[in-house]
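This report refers to the structure that appears directly beneath it.
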Amino acid sequence: MCNMEEFEKKILLKLSRRNIWGSKHMRFNTLLKCGWEPHQKGLVKNAIKSLMRKGLIIWAKKEKKALQLNKEKSKEITNITGEQKWQEQ
């Protein structure tokens, strides 16, 4: 069984690999559907809420329930995931 920190890392990896920084976003329900077992969805919701409390994930468009990674905390996110952020030129 995975603990909360592993779920948080997997969520951050999914968002960073899809380059969901800045003006890009992913809907909350889409994030719940992509690659999780049905019995894990409650744990994933709790992990997303935890990441939002930490400020690593923010609302892009709250009325559409869309999320994005917080650009201001990109160093902290890359330390957690172990991957480099895509650099704009």
Side-chain angles (χ1 to χ4, degrees):
M1 184 116 200
C2 295
N3 61 12
M4 188 63 67
E5 291 176 359
E6 290 178 25
F7 278 109
E8 290 176 359
K9 184 176 179 179
K10 288 179 183 178
I11 291 167
L12 291 174
L13 278 170
K14 282 181 186 284
L15 292 173
S16 66
R17 286 181 180 162
R18 293 181 184 201
N19 201 22
I20 309 297
W21 300 89
S23 62
K24 297 180 182 176
H25 62 274
M26 179 182 279
R27 294 222 173 150
F28 183 80
N29 289 333
T30 305
L31 187 58
L32 282 179
K33 292 177 187 177
C34 62
W36 308 105
E37 298 290 326
H39 65 277
Q40 295 176 328
K41 291 193 180 187
L43 296 171
V44 174
K45 282 182 185 179
N46 291 337
I48 292 170
K49 289 177 186 176
S50 173
L51 289 169
M52 292 182 81
R53 274 186 247 117
K54 293 177 184 177
L56 300 175
I57 294 177
I58 56 175
W59 288 111
K61 298 178 181 178
K62 193 164 184 172
E63 67 275 358
K64 292 185 179 180
K65 297 185 179 180
L67 303 169
Q68 67 185 22
L69 293 169
N70 190 351
K71 286 196 298 188
E72 296 172 1
K73 301 226 177 179
S74 63
K75 287 186 180 182
E76 190 175 339
I77 293 170
T78 54
N79 287 339
I80 293 170
T81 60
E83 293 187 348
Q84 291 296 322
K85 178 182 177 257
W86 177 74
Q87 298 294 323
E88 292 185 22
Q89 298 174 353

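All figures in this text were calculated on a predicted structure; none of them were measured in a lab.
In this structure the side chain of K65 reaches within 4.5 angstrom of the side chain of W59, judged on heavy atoms. Side chains of I20 and L67 form no contact here, defined as non-hydrogen atoms less than 4.5 Å apart.
K75 contributes atom NZ, which lies 13.0 Å from atom CD1 of I77 (distance to the nearest 0.5 angstrom). Here NZ of K41 is found 8.5 Å from CG of N29. Values are rounded to the nearest 0.5 Å. For the atom pair S16 OG and K9 NZ, the distance stands at 10.5 Å (nearest 0.5 Å).
With sequence neighbours left out, S50 forms a side-chain hydrogen bond (donor to acceptor under 3.5 Å, both in side chains) with E8. Legend: residues meeting salt bridge (charged side-chain N to carboxylate O under 4.0 Å, His left out) with R17, ordered by chain and number and at least two apart, are E83. Annotation: side-chain contact (heavy atoms from CB on, under 4.5 Å) contacts of K61 (sequence neighbours excluded): H25, E63, K64, A66. In this structure, the side-chain contact (heavy atoms from CB on, under 4.5 Å) partners of E37, at least two apart in sequence or on a different chain, are H39, Q40. In this structure W36 satisfies the ring pair (Phe, Tyr, Trp, His ring centres under 6.0 Å) test together with F7, sequence neighbours excluded. For R18, there are no side-chain hydrogen bond (donor to acceptor under 3.5 Å, both in side chains) partners at least two apart in sequence or on another chain.
Counting non-hydrogen atoms of neighbouring residues, nucleotides and ligands closer than 6.0 angstrom, the NZ atom of K14 exceeds 12 such neighbours. Atom NZ of K33 has 12 or fewer neighbouring heavy atoms from other residues, nucleotides or ligands inside a 6.0 Å radius.
Of the candidates T81, I57, L56, L51, I57 is the only one forming a side chain to side chain contact (heavy atoms under 4.5 Å, CB included) with L69.
V44 is connected to F28 through a chain of hydrophobic side-chain contacts under 4.5 Å among Ile, Leu, Val, Met, Phe, Trp and Tyr, so both are in one cluster. Hydrophobic clustering (side-chain heavy atoms under 4.5 Å, transitive across Ile, Leu, Val, Met, Phe, Trp, Tyr) keeps L32 apart from L13. Under the 4.5 Å side-chain heavy-atom criterion for Ile, Leu, Val, Met, Phe, Trp and Tyr, I58 and I48 are members of distinct hydrophobic clusters.
I11 and A47 get closest at one heavy-atom pair: CD1-CB, 3.7 Å. Taking all atoms of both residues into account, the shortest heavy-atom contact from L43 to M4 is O-SD, 4.0 Å.
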| task | Show your working on side chain to side chain contact (heavy atoms under 4.5 Å, CB included) between L31 and L15 and close with a plain yes or no. | result | CA-CA 9 Å; L31 187 58; L15 292 173; 4.3 Å; yes

